[in-house]
Number of protein chains: 2
Amino acid sequence: MASRTIENYLKQLYLEQQHVAEESVAMGRLATLMGVVPGTATSMVKALADSALVNYEPRTGVKLTAAGEQLALHVIRRHRLVELFLVQIVGLDWSEVHQEAEELEHVISEKLLERIDLLLGHPKVDPHGDPIPSAQGQVEELPPNTLVTCQEGEPLQVTRVLDQDAAFLQWVNQSGLTPGSRVQVVSRNPQADSVCVQSQDRPALTLSTSAAAKFLVKPRVA
Amino acid sequence: MASRTIENYLKQLYLEQQHVAEESVAMGRLATLMGVVPGTATSMVKALADSALVNYEPRTGVKLTAAGEQLALHVIRRHRLVELFLVQIVGLDWSEVHQEAEELEHVISEKLLERIDLLLGHPKVDPHGDPIPSAQGQVEELPPNTLVTCQEGEPLQVTRVLDQDAAFLQWVNQSGLTPGSRVQVVSRNPQADSVCVQSQDRPALTLSTSAAAKFLVKPRVA
DNA sequence: CCCATTATTTTGATTAATCAAAATAGCCTA
DNA sequence: TAGGCTATTTTGATTAATCAAAATAATGGG
């Protein structure tokens, strides 16, 4: 069985790959996510590569293999089921369950996990709206909602930006629509072919429908 | 915070001290309980002694300090509350919860623990009949039941033998009334000053009231 | 009272995960 | 194209927990 350190590296890699358009994750980024110095990430990733859990390109980055992704998905399944369990059955507040699940995800037996899954009625999403992978490691890829397809006023979080053009991404940075930022659609105007978006505490921002379609979003429960 | 290894050493020491009449636990015994070679136990115990969690007499044995006992009791509280939670709320079988609790006891937050305690209505004993220490580390020492004071027919487990005489202990070994064995009182005869006891699948056994009083027992829930 | 058996302690290595700091590679700019 | 900056990798140490095996102490029988 993978150590909890390995499980955490795989999990972070999976989550990072989700909303980073580039295929592979840079070592520095991984080190930051894991809260270790870069050298530690390098040596850990080499070990993961030896176990065929990741593909590692020195000086370029790291990417999960199919096996690594499966393992990551199982950890994420545990995490998200535990979160929902703690909210629904135990009655903790959804804001405190992430930290708790961070530990529990590594120690819960398969048996207990499936019992929890049953108790919750095989749920599809966790309290944050994130999808729960199946026991077979399949994720219900949420129908990719964008700033164009989502509901007006719904609290959202940007998950991914589908355009790699540098100038575009620079503008994204300035406008505060980077992955992770909290946004909501204020209004749409089909005649003007525009979408008005509010990002965090910034002034509202109007962009074209085609530009808005480049932003994948997910529902936010905060 | 103590590592989970330290928590486990302290827990084992506490449990062992419970039903061993001698004050201190021998190193070899501790090593066996922890599933490590004797040398490992020695070096670990030295570290515990440096942290003032145990008193260590080289070549004699080890004994929890007040601080060590407090820590042990907190671990045991976690363990037993988790066990009861898994049976009552999650619906696992009482036979499988020990293993599960063995892991969970180290990672559950104080908050979650108290929530579970509340959910269960501040219970006094776990599914095995073992008392649950309070949040302040107080144990309700169960009134010391013996083969003389318990109910006839009640399923019991021997917890302690109060006579250190070697010949007596040898006889205890032969008769199968060692700590941990499952017994029940078949009948008592005040006139004959005797107690008839059945131990596991052995033939029933009759001993004097004074001999029977040397056996501490606790209720068994199997 | 000495020796053999047994329990315990020492010693020296090992493994996983980490850090600090030096070395190196890649890339961009002047 | 030559520096120079930045990200990455190497190298050498460290810590916690462990084992194997040698050394040592205690105990009990002859």
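Reminder, nothing fancy here: chain letters follow the sequence lines and each chain counts from 1.
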A/N8 side chain to A/H106 side chain, donor-acceptor N/O pair below 3.5 angstrom: yes
d(CG, B/L30; P, D/dA17) in whole Å: 14 Å
Interatomic distance, A/L48 CG vs D/dT9 C1' [rounded to whole Å]: 16 Å
Side-chain N,O (A/K46) to OP1/OP2 (D/dT9) below 4.0 Å: no
Rounded distance (Å) that lies between atom C1' of C/dA17 and atom CG of A/L10: 15 Å
Side-chain N,O (A/Y56) to OP1/OP2 (D/dT8) below 4.0 Å: no
Side-chain donor or acceptor of B/T32 paired with backbone N/O of B/G28 under 3.5 Å: yes
B/T146 side chain to B/V148 backbone, donor-acceptor under 3.5 Å: yes
Sugar-phosphate, base or nothing in reach of B/G39, heavy atoms under 4.0 Å: base
Atom-pair distance (CZ on B/R29; P on C/dT9), nearest Å: 16 Å
Sugar-phosphate only, base, or nothing, as touched by A/S3 at under 4.0 Å among non-hydrogen atoms: sugar-phosphate
For atom CD of A/E7 and atom P of C/dA17, their distance in whole Å: 11 Å
Residue B/M44, side-chain heavy atoms: nucleotide from C/dT9, D/dA17, D/dT9 that is nearest: D/dA17
Nearest-Å distance for atom pair CD/C1', residues A/E57 and D/dT9: 15 Å
A/E105 bridged to A/K11 by N-O distance under 4.0 Å: yes
Sugar-phosphate, base or nothing in reach of A/A26, heavy atoms under 4.0 Å: sugar-phosphate
B/M27 CE to C/dT8 C1', straight-line distance once rounded to whole Å: 8 Å
Protein-nucleotide distance (A/R4, atom CZ; D/dA17, atom P), rounded to Å: 13 Å
Side-chain N,O (B/Y9) to OP1/OP2 (D/dA16) below 4.0 Å: no
5' precedence on DNA chain C between A/R59 and A/V36 (nearest-nucleotide basis): A/V36
Sugar-phosphate, base or nothing in reach of B/T5, heavy atoms under 4.0 Å: sugar-phosphate
Qualifying residue for salt bridge (charged side-chain N to carboxylate O under 4.0 Å, His left out) with B/E110, from B/R115, B/R77, B/R78: B/R78
B/T40 vs D/dA17: side-chain N/O to OP1/OP2 distance below 4.0 Å: no
